[in-house]
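The structure appears right after this line, and notes come after that.
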Amino acid sequence: MRTAAALILLLTFGISASPIAQSRSSVLTPASVFGFEPGADYKLATYDQSIEYFRRLAASSKYIRLVDAGKTSQGRTMYFALISTPDNLGRIDRYREIWQRLAHPQGLTDAQAEQLARDGKALVHIDGGLHATEVAGPQHAPLLAYDLLSTANQAATKALLDNVVVMLWPTINPDGQQMVAEWYTKNVGTPYELSGLPQLYQEYVGHDNNRDAYMLNMIESRVIEHTWRQWEPQIIYVHHQSGPFPTRIWLPPFSEPVGIDAPFLMSREVNMIGMAIAKGLEERGQVGATHMGTAFDAWYPGYIDYAPNFKNIAAFWTETALYQYATPHDYTIDDFPPDMRDLRPRSLYASPWPPGRWRLRDAVDYMETASYSVIEYASKYKDSLLLNRYKAGRDQIARGRREPPFAYLVPQEQRDPVAAVELLRRLAFGGVRVSQLTAAVTVEDVTWPAGTWVVPTDQEFAALAREVLDVQKYPDLRQYPGGPPERPYDAAGWTLPLQMGVTVVASKTPLTEEMRARLKLLGPMPDLKVKPSAYSAATSDAAPFDSVPGAGFDQSASAAAIVPPAGRVSGTGTSLTFDPAQNNAYRAINRAWKLGGQVTLSNGRYGVIGLTPAQETELVTSLALVAERCSGHGAAAWTRAGHAGCSSSTASSTSCCGRRISRRRSATSSMS
């Protein structure tokens with residue numbers, strides 16, 4: 001049975017009905033796997049069901065490939081599907097080389113880039129979202145795959161797929177989709193039908209799982225970032241559900257303010273795509289689209305669906321209306337804000353939505369239209385889309401040679417040497433190149449020794465480095481002239497050197513030839529011939545000193561090449577002490593306890609006693625600690641109730657005398 005949304009799409013693209021019926025009959029429907037249509041009232045497909053459907057599609061159709069991207073926090077496999085013509089999929093490695101080459105413009109002329117843009121195809125990332133209680137996204141993805149594949153032989157869809165490779169992720173939060181769908185299904189028809197999931201739908205971070213794009217603390221963030229650097233799409237579109245009521249879908253352009261370092265060309269591209277989606281919705285009679293407003297600004301660069309702009313990718317999100325889960329809801333005009341009840345068309349809300357019933361299927365249909373519109377945009381503007389990826393990167397390189405900061409210098413001597421490495425590894429994993437001085441140089445009357453890390457800004461992804469390393473200055477936006485400030489949507493500042501306690505110096509002087517000659521690139525230049533590879537979270541490739549678990553940053557050769565100075569110990573004595581300004585000091589404490597040692601505290605330093613010399617050496621070297629040996633801890637007095645510490649009669653004359661710290665938390669203990 002043809003769905004209403006599919007019929008609208010078929011009529012819009014001018015496809016005749018009878019051949020479609022024959023074509024559709026050979027393609028597996030989502031309902032045949034789920035037992036219901038995507039978007040059905042009171043029904044949600046789980047991640048397991050969705051992946052089973054995609055697997056069966058890939059096994060039966062030459063228009064789709066299913067790719068393993070890596071593992072989730074809970075061990076599920078993350079997949080994306082490549083949907084295009086069989087010819088395009090057969091030449092996917094060649095197109096991937098083109099995408100990589102245009103993303104990294106060094107040594108490429110404008111004429112060469114224009115030819116590559118003509119020869120290439122557009123790569124468009126579309127996903128089912130990552131906020132798992134925003135349930136329409138992962139329900140729309142199987143329907144979008146079905147409608148693309150079941151009409152693939154028809155003229156309109158074929159024209160799209162000839163020019164576009166769709167990178168369709170069923171969801172980018174598989175664990176959350178599984179948990180939420182199971183929870184809702186369990187409670188449908190009970191008083192708890194609309195109750196919230198009693199656990200985080202993304203381990204550790206919950207709803208903030210889309211705010212990790214530059215820190216990459218989550219396994220899923222690293223899986224997705226690794227995939228993007230392997231494939232380099234030109235558009236990234238992430239679906240959300242939280243449109244400003246009573247509008248039905250919010251679209252770019254973004255609200256104010258926007259990121260000052262976002263490449264101008266990408267901002268214009270995103271604005272055009274948002275308007276193309278609005279046009280597509282109006283063509284299909286789906287009213288209620290809006291733009292800008294007072295929410296969803298693009299100031300913060302940590303959004304997974306905005307950070308790619310700083311790497312010259314047109315990245316954005318939309319917010320489709322949501323009631324709760326798959327439960328329908330009836331709205332009356334009295335539910336509307338008073339200033340919206342006249343249903344008056346507005347400049348950026350041209351077709352007001354009248355009150356009525358809103359179903360999950362309505363949201364799914366709006367999302368599918370939006371996704372189709374993005375694919376259609378990419379097809380129509382394929383050449384310029386690819387060429388703009390090159391131009392934006394080319395312009396970033398030129399900017400880094402024209403205006404300060406020309407580089408960021410990061411000394412190895414830090415209050416926490418590993419913190420600097422953690423910062424730089426995140427940038428490198430995201431594609432920002434980091435170099436290191438092989439010999440001392442003088443910049444602005446300061447001599448920087450060999451080993452100093454340098455991030456030149458004449459590189460294609462330099463906008464991200466500027467955005468997170470410079471101090472933010474939030475604009476003075478007022479509700480009205482002379483009135484109170486507008487409240488920032490999410491975050492006003494995030495300067496990583498300040499947040500992480502790392503000394504970073506921006507150079508106002510252009511890099512000299514002498515300095516460039518003394519720079520050693522850490523890791524290789526982008527390898528345009530590398531074949532795509534899964535990033536498995538089951539692989540323990542985290543360096544011992546890294547804070548991230550399991551699959552760390554060593555999957556990237558560029559990130560793996562950034563290492564802290566070797567751990568070192570000075571002084572003599574029976575106790576090993578270290579400054580808690582080093583974050584790894586806390587890991588050292590826990591390891592010492594597990595090894596049977598004791599932990600002391602004195603004068604703001606932690607001490608460890610009771611370990612063998614080999615255990616102490618392993619502790620220092622693996623965690624890259626700066627430590628000091630001293631005497632006096634063995635005689636320290638300790639009281640659990642008050643941590644009375646050393647008495648005057650028992651204290652050593654050295655600064656190392658300390659208080660033993662209980663492993664069990666007490667009312668006065670800050671350690672566990």
Side-chain angles (χ1 to χ4, degrees), residues 217 410-426 428-429 434 436-438 449-453 500-503 520 522-523 539-634 654-656 658 660-661 663 671:
N217 287 321
V410 184
Q412 287 196 332
E413 288 295 325
Q414 303 273 349
R415 64 192 296 270
D416 181 359
V418 176
V421 174
E422 293 263 18
L423 188 160
L424 293 170
R425 280 186 154 220
R426 284 162 167 78
F429 193 88
V434 179
Q436 198 165 25
L437 285 175
T438 59
T452 299
W453 294 292
M500 300 179 73
V502 176
T503 298
K520 176 186 176 182
L522 298 179
T539 302
S540 295
D541 70 349
F545 53 79
D546 269 344
S547 63
V548 296
F553 297 115
D554 283 359
Q555 183 82 5
S556 162
S558 297
I562 304 170
V563 296
R568 61 186 188 272
V569 180
S570 61
T572 60
T574 58
S575 177
L576 187 71
T577 74
F578 29 81
D579 188 340
Q582 302 173 90
N583 286 324
N584 277 348
Y586 300 94
R587 298 173 74 187
I589 287 172
N590 282 287
R591 289 190 188 182
W593 275 327
K594 289 180 181 179
L595 292 169
Q598 296 175 317
V599 176
T600 63
L601 172 65
S602 178
N603 297 326
R605 292 180 67 86
Y606 291 115
V608 171
I609 56 177
L611 300 185
T612 67
Q615 289 172 330
E616 290 181 347
T617 298
E618 196 282 331
L619 205 64
V620 170
T621 56
S622 65
L623 297 177
L625 288 169
V626 177
E628 180 184 1
R629 294 188 188 279
C630 61
S631 302
H633 284 261
T654 73
S655 64
C656 291
R660 294 180 188 173
I661 302 174
R663 292 187 64 181
M671 290 296 300

So Cys630 and Thr577, side chain to side chain contact (heavy atoms under 4.5 Å, CB included) or not? Walk me through it. CA-CA 7 Å; Cys630 61; Thr577 74; 3.6 Å; yes
Could you go through the side chain to side chain contact (heavy atoms under 4.5 Å, CB included) check for Thr503 and Val410 one step at a time? CA-CA 6 Å; Thr503 298; Val410 184; over 6 Å; no
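Two residues are said to be in side-chain contact when any heavy atoms from C-beta on lie closer than 4.5 Å; Arg426 and Val548 meet this criterion. At least one side-chain heavy atom of Val569 sits less than 4.5 Å from a side-chain heavy atom of Leu576. A heavy-atom distance below 4.5 Å is not found between the side chains of Leu437 and Gln412. A heavy-atom distance below 4.5 Å is not found between the side chains of Thr617 and Val620.
With hydrogens and angles disregarded, no donor-acceptor distance shorter than 3.5 Å links the side chain of Gln598 to the backbone of Gly610. Between the side chain of Arg425 and the backbone N or O of Phe553 there is no donor-acceptor pair closer than 3.5 Å. For the pair Gln436 (side chain) and Leu522 (backbone), a donor-acceptor distance under 3.5 Å is absent. With hydrogens and angles ignored, the 3.5 Å screen pairs no side-chain donor or acceptor of Asp554 with any backbone N or O of Ala542. In this structure, Gln555 contributes its side chain and Gly552 its backbone to no donor-acceptor pair below 3.5 Å. Using modelled atom types, no side-chain atom of Asp579 and backbone atom of Arg605 make a donor-acceptor pair closer than 3.5 Å.
The closest side-chain donor-acceptor pair between Thr572 and Arg629, if any, does not fall under 3.5 angstrom.
For Ser622, the side chain to side chain contact (heavy atoms under 4.5 Å, CB included) criterion is met by Pro544, Arg591, Glu618, not counting sequence neighbours.
Atom-to-atom distance recorded for Asn584:CG and Leu625:CG is 6.0 Å, nearest 0.5 angstrom. Atoms CD1 and OG, on Ile609 and Ser631 in that order, are 11.5 Å from each other to the nearest 0.5 Å.
Relative ring orientation between Phe578 and Tyr606 is described as tilted, the plane-to-plane angle lying within the 30° to 60° band.
Taking 4.0 Å as the cut-off between side-chain N and carboxylate O, Arg587 and Asp546 do not count as a salt-bridged pair.
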